[in-house]
Amino acid sequence: MSDSSQRRIALVDVNSFFASCERVFDPKLMGKPVVVLSNNDGCVVARSSEAKALGVAMGVPWFKISAWAPSVGLVARSSNYELYGDLSARVMSILQEFSAAVEVYSIDEAFLELTGTPEELLATGHRIKEAIQTRLGLPVCVGIGRSKTQAKLANAGAKKSAGMNGVCNLDMFSAEKLDFIMAALPVDNLWGIARRLSKRLAAQGIHTIKDLRDADPVRIKKKFGVVVQRSVYELRGIDCIKLEGERLVKNQVMYSRSFATPVTTRKQMEEVLAVYAQRVSKRLRKQGSVAGALTCFAGTSRFANEPFHSPYVNAVFSIPTNDPVEILKASSSVLLNRIEEGRKYVRAGILLHDVSPKESHQYLDLFTPVHERRQLGETLDKVMEKHGAFSIGLGAAGFKSAREWEMKREMLSLRATTRWDELATVYAK
DNA sequence: TCTGGGGTCCTAGGACCC
DNA sequence: TCTGGGGTCCTAGGACCC
(Lines give C-alpha, C1' and ligand atoms only; values in the text may rest on other atoms or scores of the structure.)
Protein backbone atom coordinates (compact mmCIF):
# COMPACT_ATOMS: atom_id res chain seq x y z
CA MET A 1 0.00 0.00 0.00
CA SER A 2 1.50 3.34 -1.03
CA ASP A 3 1.46 6.51 1.09
CA SER A 4 -1.32 8.00 -0.94
CA SER A 5 -3.49 4.91 -0.55
CA GLN A 6 -6.31 5.70 1.84
CA ARG A 7 -9.38 4.23 3.39
CA ARG A 8 -12.50 5.97 2.18
CA ILE A 9 -16.28 5.61 2.36
CA ALA A 10 -18.33 5.24 -0.80
CA LEU A 11 -22.07 5.68 -1.09
CA VAL A 12 -23.65 3.81 -3.97
CA ASP A 13 -27.28 4.41 -4.78
CA VAL A 14 -29.58 3.56 -7.63
CA ASN A 15 -30.98 6.53 -9.53
CA SER A 16 -34.77 6.78 -9.20
CA PHE A 17 -34.71 3.22 -7.90
CA PHE A 18 -38.38 2.19 -8.17
CA ALA A 19 -38.80 3.84 -11.55
CA SER A 20 -35.57 2.23 -12.80
CA CYS A 21 -36.77 -1.20 -11.61
CA GLU A 22 -39.98 -0.76 -13.61
CA ARG A 23 -37.87 -0.15 -16.70
CA VAL A 24 -35.78 -3.28 -16.34
CA PHE A 25 -38.63 -5.51 -17.48
CA ASP A 26 -40.49 -2.93 -19.54
CA PRO A 27 -37.97 -1.23 -21.82
CA LYS A 28 -40.77 0.76 -23.47
CA LEU A 29 -40.51 2.98 -20.42
CA MET A 30 -36.92 3.89 -21.25
CA GLY A 31 -36.60 7.63 -21.82
CA LYS A 32 -40.21 8.22 -20.79
CA PRO A 33 -41.42 10.05 -17.69
CA VAL A 34 -42.34 7.37 -15.14
CA VAL A 35 -43.71 7.62 -11.62
CA VAL A 36 -44.31 4.91 -9.03
CA LEU A 37 -47.21 5.28 -6.61
CA SER A 38 -47.55 4.46 -2.92
CA ASN A 39 -49.96 1.82 -1.66
CA ASN A 40 -53.55 2.32 -2.74
CA ASP A 41 -52.07 4.21 -5.69
CA GLY A 42 -52.09 7.22 -3.39
CA CYS A 43 -49.08 9.49 -3.94
CA VAL A 44 -46.02 9.65 -6.13
CA VAL A 45 -43.11 8.04 -4.27
CA ALA A 46 -40.56 7.79 -7.07
CA ARG A 47 -39.97 9.72 -10.28
CA SER A 48 -37.70 9.13 -13.23
CA SER A 49 -35.55 12.11 -14.22
CA GLU A 50 -37.97 12.83 -17.08
CA ALA A 51 -40.86 12.98 -14.61
CA LYS A 52 -38.86 15.33 -12.38
CA ALA A 53 -38.18 17.50 -15.40
CA LEU A 54 -41.93 17.74 -15.98
CA GLY A 55 -42.23 19.24 -12.52
CA VAL A 56 -43.95 16.27 -10.87
CA ALA A 57 -43.37 16.76 -7.15
CA MET A 58 -42.49 14.01 -4.70
CA GLY A 59 -45.54 13.02 -2.68
CA VAL A 60 -48.11 14.61 -4.93
CA PRO A 61 -51.44 12.69 -4.82
CA TRP A 62 -51.96 10.75 -8.03
CA PHE A 63 -55.59 11.84 -8.41
CA LYS A 64 -54.38 15.42 -8.82
CA ILE A 65 -52.24 14.67 -11.87
CA SER A 66 -53.77 11.54 -13.39
CA ALA A 67 -55.96 13.50 -15.80
CA TRP A 68 -53.02 15.56 -16.99
CA ALA A 69 -50.59 12.62 -17.25
CA PRO A 70 -51.53 11.25 -20.71
CA SER A 71 -51.13 14.67 -22.33
CA VAL A 72 -47.42 14.64 -21.45
CA GLY A 73 -46.87 10.89 -21.79
CA LEU A 74 -46.42 10.39 -18.04
CA VAL A 75 -46.73 6.70 -17.09
CA ALA A 76 -47.64 5.52 -13.58
CA ARG A 77 -47.04 2.16 -11.91
CA SER A 78 -48.33 0.79 -8.63
CA SER A 79 -45.49 -0.03 -6.25
CA ASN A 80 -44.22 -3.58 -6.69
CA TYR A 81 -42.16 -4.17 -3.57
CA GLU A 82 -41.57 -7.79 -4.34
CA LEU A 83 -39.72 -6.82 -7.52
CA TYR A 84 -37.83 -3.94 -5.89
CA GLY A 85 -36.79 -6.05 -2.91
CA ASP A 86 -35.40 -8.76 -5.14
CA LEU A 87 -33.48 -6.37 -7.40
CA SER A 88 -32.16 -4.60 -4.31
CA ALA A 89 -30.72 -7.87 -2.98
CA ARG A 90 -28.99 -8.41 -6.32
CA VAL A 91 -27.46 -4.92 -6.25
CA MET A 92 -26.15 -5.52 -2.73
CA SER A 93 -24.62 -8.83 -3.67
CA ILE A 94 -22.70 -7.20 -6.53
CA LEU A 95 -21.42 -4.57 -4.10
CA GLN A 96 -20.05 -7.33 -1.84
CA GLU A 97 -17.69 -8.20 -4.69
CA PHE A 98 -16.03 -4.81 -4.33
CA SER A 99 -15.69 -4.61 -0.55
CA ALA A 100 -15.89 -6.83 2.50
CA ALA A 101 -17.41 -3.95 4.46
CA VAL A 102 -20.80 -3.12 3.02
CA GLU A 103 -23.56 -1.50 5.03
CA VAL A 104 -26.96 -1.78 3.41
CA TYR A 105 -28.44 1.57 4.30
CA SER A 106 -31.79 1.40 2.55
CA ILE A 107 -33.50 -0.51 -0.23
CA ASP A 108 -31.48 1.37 -2.85
CA GLU A 109 -28.33 2.54 -1.06
CA ALA A 110 -25.25 1.12 0.57
CA PHE A 111 -22.08 2.45 2.17
CA LEU A 112 -18.85 0.63 1.29
CA GLU A 113 -15.37 0.84 2.66
CA LEU A 114 -12.81 1.20 -0.14
CA THR A 115 -9.05 1.64 -0.08
CA GLY A 116 -6.80 3.18 -2.72
CA THR A 117 -5.29 6.33 -4.14
CA PRO A 118 -7.78 9.01 -5.26
CA GLU A 119 -7.35 7.89 -8.86
CA GLU A 120 -7.80 4.20 -8.01
CA LEU A 121 -10.92 4.95 -6.00
CA LEU A 122 -12.40 6.91 -8.86
CA ALA A 123 -11.71 3.96 -11.17
CA THR A 124 -13.30 1.54 -8.71
CA GLY A 125 -16.38 3.76 -8.60
CA HIS A 126 -16.70 3.51 -12.35
CA ARG A 127 -16.29 -0.27 -12.29
CA ILE A 128 -19.09 -0.55 -9.71
CA LYS A 129 -21.34 1.57 -11.87
CA GLU A 130 -20.51 -0.47 -14.94
CA ALA A 131 -21.11 -3.82 -13.21
CA ILE A 132 -24.57 -2.90 -11.94
CA GLN A 133 -25.54 -1.38 -15.26
CA THR A 134 -24.54 -4.36 -17.39
CA ARG A 135 -25.63 -7.13 -15.05
CA LEU A 136 -28.91 -5.68 -13.77
CA GLY A 137 -29.73 -2.81 -16.10
CA LEU A 138 -29.88 -0.38 -13.20
CA PRO A 139 -28.15 3.03 -13.24
CA VAL A 140 -26.25 4.02 -10.09
CA CYS A 141 -24.20 6.96 -8.84
CA VAL A 142 -21.16 6.61 -6.59
CA GLY A 143 -19.94 9.24 -4.12
CA ILE A 144 -16.63 8.88 -2.29
CA GLY A 145 -15.43 10.80 0.77
CA ARG A 146 -13.74 10.59 4.15
CA SER A 147 -16.97 10.14 6.10
CA LYS A 148 -20.52 9.02 5.40
CA THR A 149 -21.63 12.63 5.26
CA GLN A 150 -18.93 13.45 2.72
CA ALA A 151 -19.84 10.36 0.70
CA LYS A 152 -23.47 11.49 0.64
CA LEU A 153 -22.39 14.92 -0.50
CA ALA A 154 -20.17 13.46 -3.21
CA ASN A 155 -23.02 11.24 -4.36
CA ALA A 156 -25.29 14.27 -4.72
CA GLY A 157 -22.54 15.90 -6.77
CA ALA A 158 -22.25 12.86 -9.01
CA LYS A 159 -25.98 13.02 -9.67
CA LYS A 160 -26.07 16.72 -10.42
CA SER A 161 -23.06 17.23 -12.59
CA ALA A 162 -23.22 15.36 -15.87
CA GLY A 163 -19.49 15.78 -16.46
CA MET A 164 -18.65 13.31 -13.71
CA ASN A 165 -20.37 10.38 -15.38
CA GLY A 166 -22.02 9.32 -12.16
CA VAL A 167 -18.92 9.02 -9.98
CA CYS A 168 -17.49 11.68 -7.67
CA ASN A 169 -14.51 11.45 -5.33
CA LEU A 170 -14.26 14.49 -3.08
CA ASP A 171 -10.49 14.01 -2.77
CA MET A 172 -10.07 14.98 -6.40
CA PHE A 173 -10.99 18.60 -5.63
CA SER A 174 -8.63 21.28 -4.36
CA ALA A 175 -9.48 22.94 -1.05
CA GLU A 176 -10.55 26.08 -2.88
CA LYS A 177 -12.81 24.19 -5.23
CA LEU A 178 -14.37 22.31 -2.29
CA ASP A 179 -15.03 25.60 -0.49
CA PHE A 180 -16.65 26.92 -3.62
CA ILE A 181 -18.94 23.88 -3.94
CA MET A 182 -19.95 23.82 -0.28
CA ALA A 183 -20.62 27.55 -0.24
CA ALA A 184 -22.99 27.12 -3.16
CA LEU A 185 -25.11 24.48 -1.39
CA PRO A 186 -27.86 25.40 1.10
CA VAL A 187 -27.38 23.61 4.41
CA ASP A 188 -30.60 21.65 4.06
CA ASN A 189 -29.02 19.76 1.15
CA LEU A 190 -26.93 17.98 3.75
CA TRP A 191 -27.72 14.50 5.03
CA GLY A 192 -29.28 14.94 8.46
CA ILE A 193 -30.40 18.54 8.05
CA ALA A 194 -33.99 19.07 7.02
CA ARG A 195 -36.54 21.86 7.19
CA ARG A 196 -36.74 22.47 10.92
CA LEU A 197 -33.06 22.32 11.69
CA SER A 198 -32.13 24.45 8.69
CA LYS A 199 -34.56 27.11 9.83
CA ARG A 200 -33.00 27.19 13.29
CA LEU A 201 -29.50 27.14 11.77
CA ALA A 202 -30.39 30.10 9.56
CA ALA A 203 -31.27 32.06 12.68
CA GLN A 204 -27.66 31.55 13.77
CA GLY A 205 -26.31 32.77 10.45
CA ILE A 206 -25.62 29.29 9.08
CA HIS A 207 -27.01 29.09 5.57
CA THR A 208 -24.68 26.94 3.49
CA ILE A 209 -22.91 23.64 3.98
CA LYS A 210 -19.64 25.55 4.20
CA ASP A 211 -21.06 27.73 7.00
CA LEU A 212 -21.87 24.60 8.96
CA ARG A 213 -18.48 22.98 8.33
CA ASP A 214 -16.74 26.10 9.63
CA ALA A 215 -19.01 26.62 12.66
CA ASP A 216 -17.76 26.08 16.21
CA PRO A 217 -18.60 22.47 17.16
CA VAL A 218 -18.97 23.26 20.85
CA ARG A 219 -21.47 25.99 20.20
CA ILE A 220 -23.29 23.77 17.72
CA LYS A 221 -23.60 21.00 20.27
CA LYS A 222 -24.99 23.40 22.85
CA LYS A 223 -27.60 24.80 20.49
CA PHE A 224 -28.48 21.81 18.32
CA GLY A 225 -27.30 18.64 20.05
CA VAL A 226 -24.76 15.97 19.23
CA VAL A 227 -26.34 14.96 15.95
CA VAL A 228 -25.61 18.29 14.27
CA GLN A 229 -22.22 18.47 15.95
CA ARG A 230 -21.35 15.17 14.32
CA SER A 231 -22.30 16.62 10.95
CA VAL A 232 -19.75 19.42 11.49
CA TYR A 233 -16.96 16.93 12.17
CA GLU A 234 -18.04 14.67 9.34
CA LEU A 235 -17.93 17.59 6.91
CA ARG A 236 -14.39 18.25 8.03
CA GLY A 237 -13.49 14.70 7.09
CA ILE A 238 -13.51 13.12 10.56
CA ASP A 239 -15.72 10.06 10.37
CA CYS A 240 -17.93 9.85 13.45
CA ILE A 241 -20.70 7.69 12.04
CA LYS A 242 -19.21 4.24 11.76
CA LEU A 243 -20.12 1.66 9.19
CA GLU A 244 -22.56 -0.80 10.70
CA GLY A 245 -23.22 -4.39 9.93
CA GLU A 246 -26.52 -5.05 8.26
CA ARG A 247 -29.32 -4.65 10.76
CA LEU A 248 -31.28 -7.82 10.11
CA VAL A 249 -33.25 -7.53 13.29
CA LYS A 250 -35.39 -4.46 13.80
CA ASN A 251 -36.09 -2.92 17.19
CA GLN A 252 -39.60 -2.00 16.16
CA VAL A 253 -41.88 -3.82 13.78
CA MET A 254 -44.91 -2.15 12.27
CA TYR A 255 -47.74 -3.12 10.00
CA SER A 256 -49.87 -0.21 8.95
CA ARG A 257 -51.99 0.42 5.89
CA SER A 258 -54.50 2.87 4.48
CA PHE A 259 -57.79 1.39 3.34
CA ALA A 260 -59.07 1.43 -0.22
CA THR A 261 -62.50 2.41 1.13
CA PRO A 262 -63.09 3.85 4.62
CA VAL A 263 -63.96 1.58 7.51
CA THR A 264 -66.96 2.84 9.46
CA THR A 265 -68.01 0.10 11.86
CA ARG A 266 -66.50 -1.72 14.81
CA LYS A 267 -67.25 -4.98 13.13
CA GLN A 268 -65.14 -4.06 10.11
CA MET A 269 -62.36 -2.67 12.27
CA GLU A 270 -62.28 -5.93 14.16
CA GLU A 271 -61.72 -7.71 10.87
CA VAL A 272 -58.95 -5.26 9.95
CA LEU A 273 -57.16 -5.77 13.26
CA ALA A 274 -57.41 -9.54 12.95
CA VAL A 275 -55.68 -9.40 9.57
CA TYR A 276 -53.08 -6.85 10.69
CA ALA A 277 -52.28 -8.80 13.87
CA GLN A 278 -51.61 -11.83 11.74
CA ARG A 279 -49.37 -9.87 9.35
CA VAL A 280 -47.37 -8.01 11.97
CA SER A 281 -46.79 -11.19 13.95
CA LYS A 282 -45.55 -12.86 10.80
CA ARG A 283 -42.94 -10.12 10.35
CA LEU A 284 -41.87 -10.61 13.92
CA ARG A 285 -41.52 -14.37 13.54
CA LYS A 286 -39.61 -13.91 10.32
CA GLN A 287 -36.83 -12.15 12.20
CA GLY A 288 -37.02 -14.59 15.10
CA SER A 289 -38.20 -12.04 17.64
CA VAL A 290 -40.80 -11.50 20.29
CA ALA A 291 -42.31 -8.17 21.35
CA GLY A 292 -42.77 -6.87 24.87
CA ALA A 293 -45.29 -4.17 24.07
CA LEU A 294 -47.46 -2.75 21.33
CA THR A 295 -49.29 0.31 20.15
CA CYS A 296 -52.39 -0.11 18.05
CA PHE A 297 -54.00 2.82 16.30
CA ALA A 298 -56.64 3.82 13.80
CA GLY A 299 -57.19 7.20 12.19
CA THR A 300 -59.64 9.23 10.15
CA SER A 301 -58.44 11.38 7.26
CA ARG A 302 -56.47 14.53 7.96
CA PHE A 303 -57.83 15.96 4.74
CA ALA A 304 -61.51 15.51 5.45
CA ASN A 305 -63.77 18.27 6.72
CA GLU A 306 -64.61 16.34 9.84
CA PRO A 307 -62.21 16.72 12.79
CA PHE A 308 -59.25 14.35 12.76
CA HIS A 309 -59.75 11.45 15.14
CA SER A 310 -57.01 8.97 15.94
CA PRO A 311 -57.63 6.59 18.85
CA TYR A 312 -54.72 4.46 19.99
CA VAL A 313 -53.92 2.05 22.76
CA ASN A 314 -50.69 0.90 24.39
CA ALA A 315 -50.35 -2.54 25.89
CA VAL A 316 -47.58 -4.44 27.63
CA PHE A 317 -47.25 -8.23 27.48
CA SER A 318 -46.46 -9.96 30.75
CA ILE A 319 -44.33 -12.37 28.72
CA PRO A 320 -42.86 -11.16 25.40
CA THR A 321 -44.64 -12.87 22.53
CA ASN A 322 -45.02 -13.25 18.77
CA ASP A 323 -48.36 -14.99 19.02
CA PRO A 324 -50.98 -13.48 16.69
CA VAL A 325 -53.76 -14.31 19.14
CA GLU A 326 -52.06 -12.43 21.97
CA ILE A 327 -51.30 -9.52 19.66
CA LEU A 328 -54.86 -9.40 18.41
CA LYS A 329 -56.31 -9.53 21.91
CA ALA A 330 -54.07 -6.72 23.13
CA SER A 331 -54.82 -4.64 20.04
CA SER A 332 -58.55 -4.98 19.80
CA SER A 333 -59.73 -5.27 23.40
CA VAL A 334 -59.46 -1.56 24.18
CA LEU A 335 -59.18 0.01 20.75
CA LEU A 336 -62.47 -1.33 19.43
CA ASN A 337 -64.33 0.39 22.27
CA ARG A 338 -62.82 3.68 21.19
CA ILE A 339 -63.88 3.27 17.59
CA GLU A 340 -66.85 5.57 16.99
CA GLU A 341 -69.40 3.99 14.68
CA GLY A 342 -70.09 6.11 11.62
CA ARG A 343 -66.76 7.87 11.49
CA LYS A 344 -64.70 7.26 8.37
CA TYR A 345 -61.45 5.58 9.38
CA VAL A 346 -58.92 5.56 6.56
CA ARG A 347 -56.04 3.71 8.17
CA ALA A 348 -54.97 1.51 11.05
CA GLY A 349 -51.78 -0.08 12.23
CA ILE A 350 -50.05 -2.16 14.85
CA LEU A 351 -46.60 -1.15 16.09
CA LEU A 352 -44.63 -3.65 18.14
CA HIS A 353 -41.87 -2.40 20.41
CA ASP A 354 -39.52 -3.72 23.00
CA VAL A 355 -38.53 -6.31 20.40
CA SER A 356 -35.91 -8.88 21.34
CA PRO A 357 -34.62 -12.25 20.11
CA LYS A 358 -36.87 -15.15 20.98
CA GLU A 359 -34.02 -17.22 22.42
CA SER A 360 -33.47 -14.69 25.17
CA HIS A 361 -36.81 -15.72 26.65
CA GLN A 362 -36.64 -19.38 27.54
CA TYR A 363 -39.06 -20.03 30.35
CA LEU A 364 -39.95 -23.07 32.29
CA ASP A 365 -42.67 -24.85 30.40
CA LEU A 366 -45.04 -24.11 33.24
CA PHE A 367 -44.94 -20.43 32.36
CA THR A 368 -45.02 -20.77 28.60
CA PRO A 369 -48.29 -19.26 27.38
CA VAL A 370 -50.60 -21.83 25.94
CA HIS A 371 -50.60 -20.33 22.42
CA GLU A 372 -46.83 -20.49 22.35
CA ARG A 373 -46.93 -24.22 22.86
CA ARG A 374 -49.42 -24.61 20.07
CA GLN A 375 -47.13 -22.82 17.60
CA LEU A 376 -50.21 -21.17 16.20
CA GLY A 377 -48.36 -18.39 14.39
CA GLU A 378 -46.00 -20.71 12.55
CA THR A 379 -48.88 -22.93 11.50
CA LEU A 380 -50.81 -19.98 10.10
CA ASP A 381 -47.74 -18.86 8.16
CA LYS A 382 -47.30 -22.28 6.61
CA VAL A 383 -50.91 -22.71 5.59
CA MET A 384 -51.01 -19.25 4.03
CA GLU A 385 -47.79 -19.83 2.15
CA LYS A 386 -49.10 -23.04 0.67
CA HIS A 387 -52.72 -22.21 0.04
CA GLY A 388 -52.77 -18.43 -0.32
CA ALA A 389 -53.51 -15.46 1.89
CA PHE A 390 -57.24 -16.03 2.04
CA SER A 391 -57.11 -19.71 2.92
CA ILE A 392 -57.09 -19.25 6.66
CA GLY A 393 -57.36 -16.47 9.21
CA LEU A 394 -57.89 -15.53 12.81
CA GLY A 395 -61.39 -14.92 14.12
CA ALA A 396 -62.97 -12.11 12.16
CA ALA A 397 -60.28 -12.42 9.48
CA GLY A 398 -61.15 -16.01 8.69
CA PHE A 399 -63.15 -15.82 5.53
CA LYS A 400 -62.17 -16.29 2.01
CA SER A 401 -62.98 -13.34 -0.17
CA ALA A 402 -61.03 -10.16 -0.75
CA ARG A 403 -62.14 -7.36 1.52
CA GLU A 404 -63.48 -3.97 0.52
CA TRP A 405 -60.86 -2.10 2.50
CA GLU A 406 -57.85 -4.05 1.22
CA MET A 407 -55.46 -1.86 -0.71
CA LYS A 408 -55.73 -1.37 -4.37
CA ARG A 409 -52.92 -1.49 -6.95
CA GLU A 410 -54.36 -1.03 -10.36
CA MET A 411 -51.17 -0.44 -12.31
CA LEU A 412 -49.04 -3.25 -10.97
CA SER A 413 -46.14 -4.56 -13.03
CA LEU A 414 -45.02 -8.19 -13.10
CA ARG A 415 -43.10 -9.69 -10.21
CA ALA A 416 -40.75 -10.96 -12.87
CA THR A 417 -37.87 -12.13 -10.70
CA THR A 418 -39.77 -13.89 -7.93
CA ARG A 419 -42.84 -15.55 -9.49
CA TRP A 420 -42.70 -18.26 -12.10
CA ASP A 421 -46.08 -17.30 -13.47
CA GLU A 422 -45.04 -13.68 -13.92
CA LEU A 423 -41.84 -14.12 -15.90
CA ALA A 424 -41.14 -11.43 -18.43
CA THR A 425 -41.85 -12.30 -22.05
CA VAL A 426 -39.33 -11.45 -24.75
CA TYR A 427 -40.51 -11.03 -28.32
CA ALA A 428 -38.18 -11.57 -31.28
CA LYS A 429 -38.59 -9.22 -34.18
C1' DT B 1 -64.42 10.22 -5.38
C1' DC B 2 -59.05 9.53 -4.64
C1' DT B 3 -53.44 12.26 -0.03
C1' DG B 4 -47.68 6.02 1.89
C1' DG B 5 -45.22 2.99 5.01
C1' DG B 6 -41.78 2.00 7.14
C1' DG B 7 -37.63 2.95 10.36
C1' DT B 8 -33.67 5.29 13.53
C1' DC B 9 -31.62 8.12 17.16
C1' DC B 10 -31.78 11.74 20.59
C1' DT B 11 -33.68 14.67 24.25
C1' DA B 12 -36.50 16.32 27.92
C1' DG B 13 -38.98 15.39 31.75
C1' DG B 14 -41.07 12.49 35.30
C1' DA B 15 -40.67 8.73 38.66
C1' DC B 16 -37.96 6.73 41.70
C1' DC B 17 -33.86 5.70 44.52
C1' DC B 18 -30.28 6.64 48.01
C1' DT C 1 -39.66 31.10 56.28
C1' DC C 2 -35.99 27.80 54.89
C1' DT C 3 -36.71 22.57 51.53
C1' DG C 4 -30.01 18.46 48.46
C1' DG C 5 -27.91 16.43 44.91
C1' DG C 6 -26.88 12.95 42.03
C1' DG C 7 -27.98 8.96 39.63
C1' DT C 8 -30.91 5.64 36.73
C1' DC C 9 -34.69 4.17 34.06
C1' DC C 10 -38.56 4.91 31.29
C1' DT C 11 -41.56 7.20 28.02
C1' DA C 12 -43.32 10.51 24.78
C1' DG C 13 -42.30 13.23 21.29
C1' DG C 14 -39.22 15.60 17.96
C1' DA C 15 -36.39 15.35 14.06
C1' DC C 16 -34.54 12.99 10.55
C1' DC C 17 -33.98 9.28 6.72
C1' DC C 18 -35.61 6.57 2.52
Side-chain angles (χ1 to χ4, degrees), chain A residues 11 13-19 35-47 57-67 69 76 78-81 84-85 88 103-111 148-149 152 155-156 187-201 221-231 240-242 244 246-262 276 279-280 283 287 292-293 295 297 299-305 308 312 314-316 344 346-355 405 407-411:
Chain A
L11 175 71
D13 87 325
V14 184
N15 307 341
S16 312
F17 181 55
F18 296 171
V35 294
V36 175
L37 307 177
S38 60
N39 285 328
N40 275 321
D41 296 338
C43 321
V44 169
V45 292
R47 307 157 295 160
M58 189 69 164
V60 69
W62 174 239
F63 74 85
K64 286 191 177 171
I65 56 170
S66 52
S78 303
S79 39
N80 184 349
Y81 285 99
Y84 312 151
S88 170
E103 176 189 337
V104 177
Y105 179 68
S106 75
I107 192 162
D108 73 325
E109 281 177 67
F111 289 105
K148 285 184 172 177
T149 304
K152 273 273 190 186
N155 186 281
V187 73
D188 64 355
N189 282 33
L190 196 69
W191 186 47
I193 308 291
R195 216 184 69 240
R196 285 172 208 193
L197 276 172
S198 67
K199 220 168 154 185
R200 287 170 53 207
L201 285 164
K221 184 178 177 183
K222 227 175 267 167
K223 297 237 181 216
F224 302 97
V226 293
V227 178
V228 181
Q229 186 191 36
R230 272 204 289 261
S231 294
C240 313
I241 310 173
K242 297 294 175 204
E244 287 175 39
E246 195 178 352
R247 199 189 296 268
L248 292 168
V249 172
K250 308 275 199 292
N251 301 321
Q252 282 180 18
V253 177
M254 168 146 73
Y255 188 89
S256 144
R257 286 287 181 281
S258 299
F259 312 133
T261 56
Y276 286 17
R279 293 186 184 160
V280 80
R283 287 188 178 178
Q287 65 166 38
T295 303
F297 60 91
T300 60
S301 171
R302 292 176 187 278
F303 304 96
N305 288 326
F308 179 63
Y312 69 95
N314 291 306
V316 174
K344 289 183 180 159
V346 298
R347 65 182 291 117
I350 300 175
L351 173 60
L352 301 174
H353 11 230
D354 199 4
V355 169
W405 45 267
M407 73 175 178
K408 112 191 136 189
R409 291 141 101 197
E410 289 176 344
M411 296 161 279

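Each chain gets a letter, A, B and so on, in the order its sequence line appears, and its residues count up from 1.
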(message) If we ignore hydrogens and angles and just use 3.5 Å, is the side chain of Gln287(A) paired with the main-chain N or O of Lys250(A) as donor and acceptor?
(response) yes
(message) Under a 3.5 Å distance rule, please check whether Asn251(A) uses its side chain to pair with a backbone N or O of His353(A) as donor and acceptor.
(response) no
(message) My understanding is that only residues two or more places apart in sequence, or in another chain, count here; which of them pass salt bridge (Lys or Arg N to Asp or Glu O under 4.0 Å) with Asp13(A)?
(response) Lys159(A)
(message) Using a 4.0 Å heavy-atom cut-off to protein, can you give one letter per nucleotide of nucleotides 13-18 of chain C, 5' to 3': B if the base is in contact, S if only the sugar-phosphate is, - if neither?
(response) --SSSS
(message) Under a 3.5 Å threshold, yes or no: a donor from one side chain and an acceptor from the other, between Ser78(A) and Asp41(A)?
(response) yes
(message) Working to the nearest 0.5 angstrom, can you tell me the gap between Phe308(A) CZ and Phe303(A) CZ?
(response) 10.0 Å
(message) In this structure, which stretches of DNA chain C are paired as stems of three or more consecutive Watson-Crick or G-U pairs, both distances less than 3.5 Å?
(response) B:5-18 with C:5-18
(message) Check this for me, if you would: do Lys242(A) and Glu103(A) make a salt bridge, where the nitrogen-to-carboxylate-oxygen distance has to be below 4.0 angstrom?
(response) no
(request) Go along nucleotides 1-11 of chain B 5' to 3' and tag each nucleotide: B for a protein heavy atom under 4.0 Å from its base, S when only backbone or sugar atoms are that close, - otherwise. (result) -BBBSSSBSSS
(request) Please measure how far the P atom in dC2(B) lies from the corresponding atom in dC18(C), and state the result in whole Å. (result) 31 Å
(request) Mind checking side chain to side chain contact (heavy atoms under 4.5 Å, CB included) for Ser256(A) and listing every partner two or more places apart, or none if nothing turns up? (result) Met254(A), Phe297(A), Arg347(A)
(message) Between Ser88(A) (side chain only) and Ile107(A) (backbone N and O only), is there a donor and an acceptor less than 3.5 Å apart?
(response) yes
(request) Find out whether Tyr312(A) and Thr295(A) are in side-chain contact, i.e. whether some heavy atom of one side chain is under 4.5 Å from a heavy atom of the other. (result) yes
(request) Go through the structure and list residues passing ring pair (Phe, Tyr, Trp, His ring centres under 6.0 Å) with Phe18(A), not counting sequence neighbours. (result) Tyr81(A), Tyr84(A)
